[in-house]
Amino acid sequence: DTEVTQTPKHLVMGMTNKKSLKCEQHMGHRAMYWYKQKAKKPPELMFVYSYEKLSINESVPSRFSPECPNSSLLNLHLHALQPEDSALYLCASSHASTRAEQFFGPGTRLTVL
Amino acid sequence: SQQGEEDPQALSIQEGENATMNCSYKTSINNLQWYRQNSGRGLVHLILIRSNEREKHSGRLRVTLDTSKKSSSLLITASRAADTASYFCATDGGDYKLSFGAGTTVTVRA
């Protein structure tokens, strides 16, 4: 299985809502990532988990809260978001021990009203 | 943060023609990778070239890397309509961080 899955595909939420994005992979990868991508822009790294521990937080606002419950799952909890947080949120995974390619999921299209 | 710059920003070619896009970066790297993204979808890894390699091939793709000039190029030969997508270079400087270039949008006309 060489697939990274993300749910939901689309999400519309109000600024007072709490929601979660989910990501799953079964490739045995021990590094997992969250990226944010605005229209016609490249992906921007948000968080990196390595062996289920948060290793990189790219100064992301606390209204985004990542969680890695096990080596296959990655969540991104959302709370009190702003309209400018509307974007495509991409999850990726890779081998942690080698500098190899990252496998991306199809993304969650988030709209904050 | 975005390290790479890509040119051109957009490219329109006829089916069967070759497409070339370039990527320049600023700091030393472990490897450079190229990804493709179809509209609104996830990224697909195309090819990885390590800092001690100069050229690499994969099917219709040819990538070059010039570390002295801090630049790379991606050539797609005999383009097809299915090659229509955005192409991003990404540099790996270590610590799992990939820095993506701004991307080149390629349109292949039938």
Side-chain angles (χ1 to χ4, degrees), chain A residues 2-7 9-10 21 23-25 27 29-51 53-60 86-111, chain B residues 1-10 21 23-26 28-53 56 58 61 63 65 74 85-107:
Chain A
T2 59
E3 193 180 9
V4 176
T5 58
Q6 289 187 245
T7 55
K9 288 190 175 133
H10 301 275
L21 308 185
C23 173
E24 191 167 3
Q25 57 88 17
M27 293 178 277
H29 292 165
R30 303 302 294 276
M32 296 186 77
Y33 312 77
W34 280 114
Y35 288 87
K36 173 183 177 180
Q37 186 179 27
K38 302 283 270 185
K40 299 190 187 303
K41 296 290 187 183
E44 293 179 2
L45 183 65
M46 300 174 71
F47 302 103
V48 180
Y49 273 83
S50 174
Y51 296 97
K53 287 187 169 42
L54 182 64
S55 60
I56 295 174
N57 176 342
E58 291 285 88
S59 303
V60 179
S86 298
L88 182 68
Y89 287 84
L90 295 163
C91 173
S93 69
S94 74
H95 289 294
S97 59
T98 61
R99 295 225 158 70
E101 66 268 34
Q102 293 185 14
F103 290 76
F104 282 79
T108 293
R109 175 73 59 189
L110 174 67
T111 302
Chain B
S1 63
Q2 183 180 325
Q3 181 184 194
E5 297 292 330
E6 291 182 59
D7 80 275
Q9 286 187 331
M21 58 210 87
C23 169
S24 60
Y25 57 92
K26 295 172 186 162
S28 62
I29 60 172
N30 289 292
N31 65 63
L32 186 143
Q33 303 176 34
W34 286 90
Y35 288 82
R36 183 186 75 228
Q37 184 176 35
N38 292 92
S39 180
R41 306 291 301 276
L43 280 75
V44 174
H45 180 264
L46 296 176
I47 197 163
L48 180 153
I49 186 164
R50 303 194 187 284
S51 59
N52 60 354
E53 297 175 309
K56 204 159 181 183
S58 177
L61 306 179
V63 168
L65 179 64
L74 171 68
S86 292
Y87 292 81
F88 294 95
C89 68
T91 53
D92 177 358
D95 296 331
Y96 308 112
K97 285 189 180 186
L98 279 186
S99 294
F100 285 86
T104 294
T105 300
V106 174
T107 303

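Numbered from 1 within each chain, the chains take letters A, B, ... in sequence-line order.
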Exercise for review: Evaluate whether atom CD of B:Glu53 has more than 12 neighbouring non-hydrogen atoms of other residues, nucleotides or ligands under 6.0 angstrom away.
Suggested key: yes
Review point. Are B:Leu98 and A:Tyr33 close enough that some pair of their side-chain heavy atoms sits under 4.5 Å apart?
Key: no
Study note, to complete from the structure: Turns out that what part of A:Gln37 lies under 4.5 Å from chain B's heavy atoms comes down to side chain
Practice item. Could you walk me through whether B:Lys97 and A:Leu45 pass the side-chain contact (heavy atoms from CB on, under 4.5 Å) test, one step at a time? Key: CA-CA 8 Å; B:Lys97 285 189 180 186; A:Leu45 183 65; 3.8 Å; yes
Check your understanding: What residue, out of A:Glu44, A:Gln6, A:Lys9, A:Gln102, has the most heavy-atom pairs lying under 4.5 Å from chain B?
Key -> A:Gln102
Check your understanding: CZ of A:Phe104 to CZ of B:Arg41: how many Å apart, nearest 0.5 Å?
Key -> 14.5 Å
Revision key, fill the gap. A:Pro42 and B:Gly101 have their tightest heavy-atom pair at CB-O, 3.1 Å
Point to revise | Most contacts with chain B, counted as non-hydrogen pairs under 4.5 angstrom, among A:Pro43, A:Ala31, A:Gly105 | key: A:Pro43
Study note, to complete from the structure: Taken to the nearest 0.5 Å, the spacing of B:Asn31 CG from A:Glu101 CD works out to 9.5 Å
